[in-house]
Trainee: 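Got a structure here, written out as structure tokens. Questions coming.
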Amino acid sequence: MDTNKKNKIKNLLAEIKENSGKKVTVYSIKGCPACEELKQKFNNIGVIYENIPMDGNEPMWSELEARGGSDFVPQVDIEGNLIKEYETINELVSETISLMIDRKVILK
């Protein structure tokens, strides 16, 4: 990896850590491969989050629905901004980081 890419990654990780005080909530269920992949990626890059288990949690499903959420997981909330539409877990991670640091980030 060239030095420029390494520096960009280093700077992005620093920005994520600087904004780790923002409230990030992950809605997930046990046994969901996408949920586990998302949480592992967050752990790897240092995103601090609260996990809300959705297994049998009808009140929380109702709350997400009332907020315009979908009927699948994972979903992520950053400071009251619910991310419910994405194509891939990398896109969901990108959207989360973008909301955390207040600028667009695209992960490939």
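Since we're looking at a predicted model, the values are computed, not measured.
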Trainee: Is Leu13 reachable from Val47 through a run of I, L, V, M, F, W or Y residues, each pair having side-chain heavy atoms under 4.5 Å apart?
Mentor: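 Val47 clusters together with Leu13.
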Trainee: Which ring-ring contact (aromatic ring centres under 6.0 Å, His included) pairs, counting each pair once, include a residue from residues 73-107, with sequence neighbours left out?
Mentor: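 Non-adjacent pairs meeting ring-ring contact (aromatic ring centres under 6.0 Å, His included): zero.
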Trainee: Which residues pass the side-chain hydrogen bond (donor to acceptor under 3.5 Å, both in side chains) test with Asn11, sequence neighbours left out?
Mentor: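 Applying side-chain hydrogen bond (donor to acceptor under 3.5 Å, both in side chains) to Asn11 gives none.
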Trainee: Looking at CD1 of Ile89 and CD of Glu36, how far apart are the two atoms once the value is rounded to the nearest 0.5 Å?
Mentor: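 Atom-to-atom, Ile89:CD1 and Glu36:CD are 10.5 Å apart.
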Trainee: Name all residues meeting the side-chain contact (heavy atoms from CB on, under 4.5 Å) criterion together with Leu99; count only those two or more places apart in sequence or in a different chain, and write none if there are none.
Mentor: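 By the side-chain contact (heavy atoms from CB on, under 4.5 Å) rule, Leu99 matches Ile78, Asn81, Ile83.
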Trainee: For a quick test of reading the model, state the closest non-hydrogen atom pair linking Ile29 to Cys35 and the distance between them.
Mentor: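 Taking every non-hydrogen atom into account, N-SG, 3.7 Å.
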Trainee: When clusters are formed by joining ILVMFWY residues with side-chain heavy atoms under 4.5 Å apart, either directly or through shared neighbours, do Val76 and Met54 land in the same one?
Mentor: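 No, no single cluster joins them.
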Trainee: Any non-hydrogen side-chain atom of Ile45 less than 4.5 Å from a side-chain atom of Lys17?
Mentor: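 Result no, sub-4.5 Å side-chain heavy-atom pair not found.
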Trainee: Consider only side-chain heavy atoms of I, L, V, M, F, W and Y, link residues closer than 4.5 Å, and tell whether Val26 and Ile48 are in one cluster.
Mentor: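 Hydrophobic grouping puts Val26 apart from Ile48.
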Trainee: Got a sec, which residues hit salt bridge (charged side-chain N to carboxylate O under 4.0 Å, His left out) with Lys104, two or more places apart in sequence or on another chain?
Mentor: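 Partners of Lys104 by the salt bridge (charged side-chain N to carboxylate O under 4.0 Å, His left out) criterion, ordered by chain and then number, come out as Glu95.
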Trainee: Give every residue pair that meets the salt bridge (Lys or Arg N to Asp or Glu O under 4.0 Å) criterion with at least one member in residues 70-91, sequence neighbours excluded.
Mentor: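 Checked against salt bridge (Lys or Arg N to Asp or Glu O under 4.0 Å) - neighbours excluded - the pairs reaching residues 70-91 are Arg67-Asp77.
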Trainee: Just verifying a value: how many Å separate Ser70 OG and Tyr27 OH, rounded to the nearest 0.5 Å?
Mentor: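 Going from the OG atom of Ser70 to the OH atom of Tyr27 covers 12.0 Å.
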Trainee: Which heavy atom of Leu82 sits nearest a heavy atom of Gly69, and at what distance?
Mentor: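 Reported closest heavy-atom pair: CD2-CA, 3.7 Å.
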Trainee: Please answer: with hydrophobic residues joined when any side-chain heavy atoms are less than 4.5 Å apart, are Val24 and Ile16 in the same cluster?
Mentor: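 Yes, Val24 and Ile16 fall within the same hydrophobic cluster.
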Trainee: Any side-chain hydrogen bond (donor to acceptor under 3.5 Å, both in side chains) pairs touching residues 42-58, not counting sequence neighbours?
Mentor: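 As it turns out, the side-chain hydrogen bond (donor to acceptor under 3.5 Å, both in side chains) pairs with a partner in residues 42-58, which skip direct neighbours, are Lys23-Glu50, Ser28-Asn51, Gln40-Asn44, Asn43-Tyr49.
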Trainee: Please name all residues satisfying side-chain contact (heavy atoms from CB on, under 4.5 Å) with Ile101, sequence neighbours left out, ordered by chain then number.
Mentor: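 Partners of Ile101 under the side-chain contact (heavy atoms from CB on, under 4.5 Å) test: Leu12, Glu15, Asn19, Ile97, Arg103, Val105.
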Trainee: Give, for atom CD1 of Ile52 and atom CD of Glu63, the distance between the pair rounded to the nearest 0.5 Å.
Mentor: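 Rounded to the nearest 0.5 Å, the CD1-CD separation comes out at 9.0 Å.
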Trainee: Check salt bridge (charged side-chain N to carboxylate O under 4.0 Å, His left out) between Lys41 and all other residues, then give those that pass, not counting sequence neighbours.
Mentor: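 Scan of Lys41 (salt bridge (charged side-chain N to carboxylate O under 4.0 Å, His left out), adjacent residues dropped) gives Glu37.
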Trainee: Show your working on salt bridge (Lys or Arg N to Asp or Glu O under 4.0 Å) between Asp2 and Lys8 and close with a plain yes or no.
Mentor: CA-CA 10 Å; Asp2 68 37; Lys8 283 183 179 181; over 6 Å; no
